[in-house]
Asks: 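Take a look at the following structure, please.
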Amino acid sequence: MQTWSLVSICVLLGVVVRWGVSLNSYSGAARPPMFGDYEAQRHWQEVTYNLPLQEWYFNTTDNDLNYWGLDYPPLTAYHSWICAFIANKINPEWVELHTSRGYESPAHKLFMRATVLVADLLIYIPAVVLYCFYLTDGSAKKKVSTLFCFLLYPGLILIDFGHFQYNGVSHGFALWGVVALGLGWDVFGSMAFCLALNYKQMELYHALPFFCYLLGKCVKLGLMGRGLACTLLAVLPSSIRLLTKPTFWQFKLALANSSLAFFLFSYQVHEKSILLAALPVCLLLNDLPLMAIWFLQASTFSMLPLFLKDGLLVPYVVTSLAFLFFSIYLLSALEHCTEEQLRLGAYHKLFFCLPKMDLACVLRWKFYISIAVMAGLSVASVALVPPPHLPDLFPVLVSATAFTHFLGTFIYFNIVQFSGPPARKNQKKNN
Amino acid sequence: MAAAAADSGRWFAALSLGVSLLKCLFISAYHSTDFEVHRNWLAITHSLPVSRWYHENTSEWTLDYPPLFAWFELGLSHVARHFDRNMLLVENLNYAGPSTVLFQRLSVVFTDLVFVFAARECCRCVQEQKGSRDVLTRPPFVLAVLLLGNFGLLIVDHVHFQYNGFLFGFLLLSVAKHLQSRHLQGALLFSILLNLKHIYLYVAPAYGVYLLRSYCFTQDNTDGSVRWRSFSPLRLVALGSIVASVCALSFGPFIMMGQLPQVLSRLFPFKRGLCHAYWAPNIWALYNVLDKALATLGVRLKLLEETQLPRASMTGGLVQEFQHSLLPSVSPAVTLVCTLLAILPAVASIWWRPRGARGFLRCLLLCALGSFMFGWHVHEKAILLAILPLSILAVESREDAGIFLVLTTTGHYSLFPLLFTPAELPIKVVLMLIYTVYSFTALKNLHSSRGSVLRPLEVVYLLGLVAVAFACEVIFPLSPWQQKLPFLPLLTTSVYCSVGVFYSFLRLYVSLLRPEEKPKQP
């Protein structure tokens with residue numbers, strides 16, 4: 001079958017899954033006085049459309065910053081303005097200053113969901129298609145499989161089309177940046193990443209790798225050799241490694257390590273910020289399928305308390321099952337895991353004191369156990385009532401489990417980044 | 001996809017799982033009054049004694065399926081108890097709490113397993129091409145996608161809400177058994193199906209004649225005609241007893257209570273109008289339009305007085321009896337006669353010149369399409385009765401693939417009015433696109449060695465369908481005629497699709513009645 005038809009079917013399936021999730025509830029639905037992220041976005045449309053630019057970020061009588069004050073950079077504000085302009089044409093009550101607070105209706109929900117889909121279709125999905133086709137190895141079928149699994153990542157779908165946010169825009173711009181850098185269009189890539197940064201400041205998680213990669217390319221090898229003393233900051237090893245070896249492979253790993261480091265060690269991190277680490281790991285679906293799938297599933301699982309609060313249990317179960325099953329099946333994740341492919345050689349060197357084991361087998365068993373634990377905790381969070389003296393038992397257990405996964409992934413990707421480059425001939429054999 | 005996965009045959013399980021998960025995403029979507037119909041039947045069968053089932057009319061949605069389906073609903077109701085007991089109270093009209101919706105939707109997804117099993121059996125019957133290694137290009141895979149991912153089933157069952165997947169599973173399984181020459185099993189499955197939903201009576205003539213001719217007569221003469229001596233009374237008795245015992249199991253309790261007339265009156269309510277609320281794209285849609293056009297023309301040309309014409313408004317979208325203005329009115333008896341005349345050549349053909357199980361399948365399709373074209377109060381959903389079995393022939397022969405593409409595209413498009421809510425618009429458009437893109441490219445790929453699948457005229461017709469769709473969904477709502485003639489999009493859709501359906505009907509007839517060619521080279 002022609003590739004274009006397979007690609008269009010994958011994209012259309014991605015769209016229908018997104019819209020299917022949209023049919024469910026959103027954050028803060030029917031919960032006055034503050035509601036949730038959905039109301040925040042609607043409020044920003046109200047503020048940006050009715051007030052002059054100079055008042056958007058200031059506390060005035062017309063703009064109460066305590067009620068969902070605008071806390072993203074101006075590009076979000078401009079996007080809200082465009083949406084508000086269209087909203088006003090359809091029904092001015094949606095963005096009426098002051099009186100539209102807490103406005104909820106089926107027609108309005110349809111409009112808001114449509115804005116998320118349009119943004120995804122224009123920015124995020126094309127970037128994913130381009131990445132999978134021009135920057136991954138393998139046969140056309142393998143690329144289509146990667147594309148399908150990338151588009152099926154539940155975390156982003158559930159947050160953007162369920163909870164309600166526009167992460168597709170910032171992630172999309174960042175991905176355009178990655179694609180451009182991978183193709184050697186550094187200027188375009190920098191522009192795209194700047195757009196991402198100007199949409200959501202959390203993209204700073206990805207800033208260091210972009211900086212180090214570009215700087216490293218400018219000064220080229222030799223200026224900073226190996227053996228540089230590692231500092232306490234977790235991100236420095238990865239960034240410096242990238243500075244010395246600015247290849248696209250190192251860049252992808254550095255993106256993953258940098259965002260994970262920021263997530264794990266930063267101050268006041270929201271659970272949704274794991275999406276910033278998920279995006280780079282999606283880029284590695286083709287290269288390290290098992291570890292990528294494992295992390296991506298853990299990242300979705302880590303947001304379970306949020307999804308339960310938003311009434312998104314059914315979409316969570318459906319998309320998680322679909323992603324887990326199809327990514328393992330289409331990318332043959334459990335078959336291509338010899339020690340060499342999983343790049344576990346370094347672990348042998350680190351744990352030289354331990355008896356020689358088949359680390360790949362150990363890893364597979366850890367994967368099965370981990371999925372079982374995540375499934376078990378998901379069921380428990382829904383079906384069981386926590387004991388009265390431990391009311392937050394399940395969210396805490398979920399966080400703790402997720403943390404161990406993220407830490408393990410962080411260590412693994414760091415080790416991989418410091419090992420040799422991926423063996424090209426291995427990947428050709430697997431097609 | 002790795003070769004290992006393909007060769008081990010796991011693709012079918014993956015496909016089934018994927019489609020089932022997709023269906024679960026539509027749990028929160030719009031559902032039609034059919035949802036309440038089935039909730040009511042759950043309540044009736046659970047809460048009332050058997051003697052009251054076919055007399056109960058608290059709700060307007062009275063039980064009008066055969067008794068075996070009522071037993072099926074009773075079985076479901078025992079599971080429903082654990083989800084929400086309130087749905088089982090007969091007086092709880094239009095009750096649709098979250099647990100109720102979840103239960104009903106999941107019940108459709110689970111009963112679809114019958115359809116999945118049937119699809120797998122059909123895939124096993126399909127003849128393979130030589131020398132194709134890639135799973136995606138093999139006929140069983142294409143057939144599996146065309147069946148499991150059928151657009152019509154997805155939106156009718158999992159959005160609109162019905163149990164067609166469950167029922168079509170029995171039909172396709174029965175067909176598969178006949179293709180595998182297991183005729184008694186096929187007959188058993190069809191008897192069960194008839195007792196689940198009697199609309200399948202439409203295709204009973206094909207079964208009856210085929211089994212009589214090709215199963216009860218064990219041998220043919222060398223010229224293909226009937227060898228009367230080879231009649232096997234044993235086989236006839238076997239068939240008869242199978243049908244009789246299933247019907248006895250289903251209707252038995254009601255016959256013993258003397259309720260048979262009441263049950264039959266519920267099953268065959270002829271008080272309904274010639275056409276359903278949304279006109280199915282059949283002959284009567286064209287007849288109605290012709291009548292309206294002639295009447296309007298007559299008034300314009302001053303040949304008729306407007307006051308002389310009865311106030312016909314079949315276009316109002318309600319299900320009532322209507323009189324035609326100019327042309328003679330059509331009664332149920334007339335439609336029955338027309339239907340029988342339409343299917344007579346096909347049925348006669350498999351008697352005089354039996355063509356094995358595939359000839360039977362062709363005859364079944366013609367019975368289905370014939371009754372769709374000429375029947376009384378036909379639902380547009382009935383087009384699925386032709387589309388699904390035709391998929392089997394489409395992956396084997398280039399000509400059938402061409403007929404399939406025309407019939408499927410027009411048939412599926414004619415289902416669009418079933419989902420009229422704005423929130424479901426992206427779902428129906430995107431799913432239609434996925435299915436259309438896949439069916440066209442896969443079938444073209446499959447038959448590429450034997451020439452093009454579609455004729456130029458057919459391509460023009462299908463492109464015209466896109467134009468009609470665009471005009472009806474996009475241009476018309478914004479035009480000045482929206483107020484004056486609100487029924488125009490539905491009318492145009494019905495008429496345009498009728499042409500396509502009728503064309504497919506004729507082409508299928510030609511393929512059945514044409515003298516058999518030499519066996520094709522694989």
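Because the structure is predicted, anything quoted here is derived from the model rather than measured. Labels below follow one simple rule: chain letters A, B, ... track the order of the sequence lines, proteins then strands, and each chain is numbered from 1.
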Asks: In Å, rounded to the nearest 0.5 Å, how long is the span from OG of B/Ser99 to NE2 of B/His82?
Replies: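 Here the rounded value is 13.5 Å.
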Asks: Verify whether the ring centers belonging to B/Phe420 and B/Tyr30 lie closer than 6.0 Å.
Replies: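 Between B/Phe420 and B/Tyr30, the centre distance is under 6.0 Å.
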Asks: Heavy-atom pairs under 4.5 Å with chain B: which of A/Leu12, A/Ile9, A/Val17 has the most?
Replies: A/Leu12
Asks: Please check this pair: side chain of A/Thr146 against backbone of A/Lys142, looking for a donor-acceptor N/O pair closer than 3.5 Å.
Replies: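 A pair under 3.5 Å: yes.
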Asks: For A/Leu13, is it the side chain, the backbone, both, or neither that has a heavy atom closer than 4.5 Å to a heavy atom of chain B?
Replies: both
Asks: Of the backbone (N, CA, C, O) and the side chain (C-beta and beyond), which part of B/Ile27 lies under 4.5 Å from a heavy atom of chain A, both, or neither?
Replies: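 Just its side chain gets close to chain A.
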Asks: Heavy-atom distances under 4.5 Å only: say whether A/Val314 touches chain B with side chain, backbone, both or neither.
Replies: side chain
Asks: Do B/Glu396 and B/Arg450 meet the salt-bridge criterion of a basic N to acidic O distance under 4.0 Å?
Replies: no
Asks: What is the ring orientation for A/Tyr329 with A/Phe326, classed by angle as parallel under 30°, tilted 30 to 60°, or perpendicular over 60°?
Replies: perpendicular
Asks: Please classify the contact of A/Val15 with chain B as side chain, backbone, both or neither, using a heavy-atom distance under 4.5 Å.
Replies: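 The side chain, not the backbone.
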Asks: With chain A, which of B/Ala442, B/Ser28, B/Ser448, B/Ala29 has the greatest number of heavy-atom pairs at distances under 4.5 Å?
Replies: B/Ser28
Asks: Counting heavy atoms not belonging to B/Lys444, are there more than 12 under 6.0 Å from its NZ?
Replies: no
Asks: Identify which of B/Leu102, B/Leu22, B/Ile427 forms the greatest number of heavy-atom pairs closer than 4.5 Å to chain A.
Replies: B/Ile427
